[in-house]
> 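This structure is in structure tokens; I'll ask about it shortly.
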There are 2 protein chains.
Amino acid sequence: MSKAEVTRSDILRRGLELIYKQGYQSTSIDDILATTKVTKGAFYYHFRNKEEMGVALISEAMQDEIWPHIEKSLSAGSDFRDNIYEMINGLLFEHPFMTVEHGCPAVNLIQEMAPLSEAFRTALIKSLNKWKRAIEAEIIRGQQAGQLGMAHDAKQIALNVITLYHGVRNMGKLLGKTYYTSFLNEFRRYLDTLE
Amino acid sequence: MSKAEVTRSDILRRGLELIYKQGYQSTSIDDILATTKVTKGAFYYHFRNKEEMGVALISEAMQDEIWPHIEKSLSAGSDFRDNIYEMINGLLFEHPFMTVEHGCPAVNLIQEMAPLSEAFRTALIKSLNKWKRAIEAEIIRGQQAGQLGMAHDAKQIALNVITLYHGVRNMGKLLGKTYYTSFLNEFRRYLDTLE
DNA sequence: ACATAAACATACTGATTAGTATGTCGCAAA
DNA sequence: TTTGCGACATACTAATCAGTATGTTTATGT
């Protein structure tokens with residue numbers, strides 16, 4: 001990794017951290033510069049403007065942060081139900097980056113930026129679809145392994161799971177970690193109703 | 001309604017509109033003033049600061065906007081399932097204030113401000129609890145009318161419904177109105193699994 | 001070792017921000 | 001009619017913002 005690449009990724013990582021906690025629009029470039037050794041000249045060498053940095057942050061830093069966990073949990077065991085449950089459980093409770101109070105950076109950015117920027121929307125949809133396809137594939141694997149009837153629509157279930165995740169991340173901001181726990185019980189029940 | 005009360009409510013209504021579309025932190029007081037006949041002096045006569053206005057906006061303007069619809073739909077028919085379904089359906093499709101791209105102001109504000117302001121959090125929790133209790137009451141009514149087994153936890157179901165609503169409001173920002181429709185199918189199915 | 005471009009560094013700009021200071025106007029009670 | 005206060009109006013400040021202009025350093029191929 002060259003020195004320039006390190007600088008770039010420093011910007012993205014610190015940017016992700018701050019934007020996760022404060023929101024995109026309320027995080028200034030100066031905020032990022034003040035907490036890194038990066039200067040304004042370096043920033044604008046690597047990115048044309050703030051939006052370009054935001055988009056890069058979604059498709060690079062955010063993906064790097066979350067994706068390994070998703071991939072790992074979705075291929076952990078043989079039961080697709082267990083895998084999907086553990087994926088959500090892990091995201092909620094075990095991920096070192098995310099907290100209950102600040103939720104999930106992807107969910108936050110969709111909320112804040114999807115209506116305001118085409119570029120953000122595109123990057124976020126790409127990210128969402130990647131996740132959706134991964135869940136879908138795991139459900140289909142479950143179907144082929146006889147764990148779930150073929151009549152079920154894998155696409156629809158995948159979207160349900162993601163919708164629930166979005167919901168619980170938002171509710172958690174008001175109700176705290178205890179709600180994560182009771183949600184997970186309900187989520188397990190939901191998975192078990194799929195037969 | 002006195003002239004002063006009109007001024008105050010003008011600020012709150014216009015504030016809600018702008019904050020709904022741009023977010024709280026990215027909506028400036030000058031934004032509000034520029035699109036009303038209110039001046040800065042009037043603003044700071046009615047509110048100590050921006051945060052106080054934001055909190056008032058949640059417990060007044062936002063409630064006024066959404067609550068009538070909720071109350072109405074929850075007492076529309078005799079089947080609690082139909083009522084809850086219509087509540088969500090109406091919020092998603094029939095509410096004149098809200099759009100798919102901007103979602104729901106309450107959901108948005110929870111996402112943005114719950115982690116950042118105790119005062120916002122308090123106002124939002126109050127608002128959430130009011131809704132939760134209303135749904136809960138409707139479920140219990142359904143139980144007493146024999147539409148649903150007593151074994152079900154009304155509180156839990158109410159929270160599920162709200163969580164799903166939060167989720168679909170967020171997903172809608174990426175997937176558009178068509179997702180609302182397919183979500184509603186799933187939601188109906190969920191309600192019907194409650195026996 | 002040297003040329004050249006990549007990778008920064010510094011200082012600035014004009015716009016926008018929340019909030020303040022200080023004034024004014026109209027109406028209600030005395 | 002005057003006095004006083006509720007309800008504004010105007011002009012300002014200091015801070016912060018994204019972005020730019022113009023430099024300097026550092027690496028790299030030859």
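This structure is a prediction, so every number in the text was calculated from the model and none was measured. Convention: sequence-line order gives letters A, B, ...; per-chain numbering from 1.
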> Taking atom P of D:dG19 as reference, at what distance in whole Å does atom CD1 of A:I11 sit?
14 Å

> So does B:H46 get a side-chain nitrogen or oxygen closer than 4.0 Å to the phosphate oxygens (OP1/OP2) of D:dC8?
yes

> Without decimals, in angstroms, what is the distance between B:K40 NZ and D:dC12 P?
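It works out to 14 Å between those atoms.
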
> Output yes when at least one side-chain N/O atom of A:S28 is less than 4.0 Å from OP1 or OP2 of D:dC17, else no.
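Yes.
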
> Grab the NZ-P distance between B:K3 and D:dC5 for me, whole Å please.
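Taking atom P of D:dC5 as the reference, NZ of B:K3 is at 21 Å.
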
> May I ask you to check whether B:F120 and B:Y24 place their ring centers less than 6.0 Å from one another?
yes

> Reading DNA chain D from 5' onward, which residue's closest nucleotide shows up sooner: A:D31 or A:G41?
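The answer here is A:D31.
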
> Is the CZ atom of A:R141 crowded by more than 12 outside heavy atoms at less than 6.0 Å?
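Enclosed: over 12 neighbouring heavy atoms sit under 6.0 Å from CZ of A:R141.
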
> If I take atom CZ in residue A:F47 and atom P in nucleotide D:dA18, what distance separates them, rounded to the nearest angstrom?
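Nearest whole value for this atom pair: 14 Å.
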
> With a 4.0 Å cut-off on heavy atoms, is A:T27 in touch with a base, just the backbone sugar-phosphate, or nothing at all?
sugar-phosphate

> Check whether more than 12 heavy atoms from other residues, nucleotides or ligands sit under 6.0 Å from atom NZ of B:K132, and answer yes or no.
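More than 12 heavy atoms, drawn from other residues, nucleotides or ligands, come within 6.0 Å of this atom.
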
> Mind checking if A:F43 touches a base, just sugar-phosphate, or nothing, with heavy atoms under 4.0 Å?
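Nothing, no heavy atom under 4.0 Å.
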
> Do B:R169 and B:M98 make a side-chain contact, defined as non-hydrogen atoms from C-beta onward lying under 4.5 Å apart?
yes

> From the 5' end of DNA chain C to its 3' end, which nucleotides mark the outer limits of contact with chain B, defined by a 4.0 Å heavy-atom distance cut-off (strictly under)?
C:dT17 to C:dT20

> Give the rounded distance in Å between these two atoms: CD of B:E5 and P of D:dG6.
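Rounding to the nearest Å, CD of B:E5 and P of D:dG6 are 15 Å apart.
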
> Please state how far atom CG in A:D30 lies from atom C1' in D:dT16, giving the value in whole angstrom units.
8 Å

> B:L33 has an atom CG; how far is it from atom P of D:dA11, in whole Å?
14 Å

> Regarding A:R188 and the six-membered ring of A:Y85, is the cationic atom NZ or CZ under 6.0 Å from the ring centre and inside 45° of its axis?
yes

> Is B:T7 close enough to D:dC8 that one of its side-chain N or O atoms is under 4.0 Å from OP1 or OP2 there?
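Yes, within the criterion.
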
> Would you kindly give the CZ-to-P distance between A:R48 and D:dA18, to the nearest whole Å?
17 Å

> Does some side-chain heavy atom of B:V107 sit less than 4.5 Å from a side-chain heavy atom of A:N170?
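Yes, close enough: below the 4.5 Å cut-off.
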
> Do the side chains of B:K126 and B:T122 get nearer than 4.5 Å, heavy atoms only?
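B:T122 vs B:K126: side chains apart.
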
> Does OP1 or OP2 of D:dC8 have a side-chain N or O of B:Y45 closer than 4.0 Å?
no

